[in-house]
Amino acid sequence: MSRIGFYRQRAKLKGVYGIKARLVLLTMILVVPLMLERVGSLEDERAKEIASASSELQALAQHSADAQREIISSVEAVLKSSAYIHASAAEIGRSCATMRASLRVDLPSIRMLMAVDKSGVVRCSTSSTFLDTDISQRPYFKKVKETNDFVVSDFMVGQQTKKGTILAAYPVAAIAPGDDTVIVAGLNLDWMSGMMSNLAGRAGVTAALVDGHGVVLATTPDKVEMVGKRFSETPNGVAEGDYSGSELPPLAINSRGSSRAVLYAPIRGTTARLVVSIDQSEVSAQINGAIRNAYLQLALVCLIALIGALFAAERLIVRPINMLTDVAGKFGHGNWSARVERKRLPAEFLPLARAFNAMAARLAERERGLVAINNRLTVMASIDVLSGLANRRGFQSRLDFEWMKAEQTETALVLLMIDVDHFKPFNDTYGHPEGDACISQIGATLAMIANDTNGFAARYGGEEFCLLLPHTEIERGVEVGQRLRAAIENLAIPHRTSPFERVTISIGVAGARPSCSGSPRDLLEAADAALYAAKHRGRNTVAEHGLPPSFERDVALAS
């Protein structure tokens, strides 16, 4: 009976000392000694706490400085891209329209872009407010003309907006000598201030981005009223001599017997510096308060540890981690809209959630940006700059599409192959610049006729062009060919080495009703054969192919 009673008592003890009780006991064993040791060593750790806070602020300051450098670098990259596009587009006379249509100006760090001529007058801008504005007397404009390199201005008040701003400028001449245009961008000071949000809300800490004259360009979101003022004149500001060095120094709060320490970091390519001022008395006040509260926290922590060990482990640690893991998994599988719901997270996980959401937003934005850039590059890769028409690659894609469409709708398709007569002697006689001008005029005329006939024109290569006419019969294709031949002849471009004494073209016309037994290559070969025939007839003429390619193949298969 005694042994039975012993086992009963043991079973009851197992119920009492189950997993929950063991976790509580483990918590007590870990927490109580640690808290007692902490109370005894807080005074000795005061210096370590100050050093730790200083190191953290130094890291945050370095991060903010790197972020500001990245903003300036991104603005420089946009200006160089704009200068390249302006220089490229200027060759075909559409520099302003191309720049305004092709460039993204929705970057958060840029408010506007504009092109300024050599006299300092704004000739092109993404905002009509700045057109015809004279900025020739602005120091940054003079400096960019002198240095022929990327320049960032100090703080200034805009002539049109009457608001504080800074401007970045880059000369087109740096990549296209002879072009005196300067590309100018207005920087978003609010965005630059937002990039310093990690330094906001810290007792005794004042952070600001200042220009070469000590004027505040950007600051933390909670102190935006400082923008435009001299940093030395703001609350908790410091004299300019305290941050006139050239690199971020180690933080020493007790340096020079002062209660204020200063960190600074120059922004490459500008006269701006990031300055972080730290008040030792306010930082120490927080630590002193922590010491006083530590004695009260001992009893509270022990009580909370007993009650909340299991609850906290499940609700405050495991569940949030599972939620973050789930969202990260969705994002990793391509769900770019996946975000962490911060309302369901404990406060301790909110910085991680914000960081994750910010990272997800940037990655999604970059993905959209890459798609947009790829689309623009695809379009640019299909355009022949000299003639303004599609190139051979673009034509081949369009031919394949129109062939498939005509096959589905059972409609006719006509192709005109065009060759400039005696073009090599023309180049040898008048030079390649005149040859390029001739190609450009022919391209413009062909584009006009393509627009009138709902056709698709392209430069096939060298002096060869082509015109694709969907929903068109061969007879109509010949009429369009005659019209085009006459239009080129009427341009009256002199060509003394030609029998016609002017630039003329030969045209081969071929038509087909696409079917599964034919291919776009058949139509190309037929049009090329017709062009060959036109050349043998003496040039400056239009020749048509006798049979549609699809019909020829059907006949060949039947025989």
Can you give the donor-acceptor pairs under 3.5 Å from side chains of residues 404-412 to other protein atoms, not counting sequence neighbours?
{"residue": "E407", "atom": "OE2", "partner": "C516", "partner atom": "N", "Å": "3.4"}
{"residue": "T409", "atom": "OG1", "partner": "K405", "partner atom": "O", "Å": "2.9"}
{"residue": "T409", "atom": "OG1", "partner": "T411", "partner atom": "OG1", "Å": "3.0"}

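Using a 4.0 Å cut-off between charged side-chain N and carboxylate O, R476 and E473 make no salt bridge. Under a 4.0 Å N-O distance rule, the pair E76/K80 qualifies as a salt bridge. A salt bridge links D132 to R123: at least one charged side-chain nitrogen sits closer than 4.0 Å to a carboxylate oxygen.
Screening D400, L415, L467 for a side chain to side chain contact (heavy atoms under 4.5 Å, CB included) with F395, the sole residue that qualifies is L415.
Between H422 and F426, the gap from one ring centroid to the other reaches at least 6.0 Å.
With rounding to the nearest 0.5 Å, the separation of CD1 in I418 from CD in E464 is 10.0 Å. In this structure, K424 NZ and T429 OG1 are separated by 9.5 Å, a value rounded to the nearest 0.5 Å.
For N490 (side chain) and A486 (main-chain N/O), a donor-acceptor pair under 3.5 Å exists by modelled atom type.
For R483, the side-chain contact (heavy atoms from CB on, under 4.5 Å) criterion is met by I449, D452, T453, not counting sequence neighbours.
With 3.5 Å as the limit, one finds no donor-acceptor pair spanning the side chains of D419 and S506. Between the side chains of N540 and R485, at least one donor-acceptor pair of N or O atoms lies under 3.5 Å.
Geometrically, R496 engages Y430 in a cation-pi contact defined by less than 6.0 Å to the ring centre and at most 45° from the axis.
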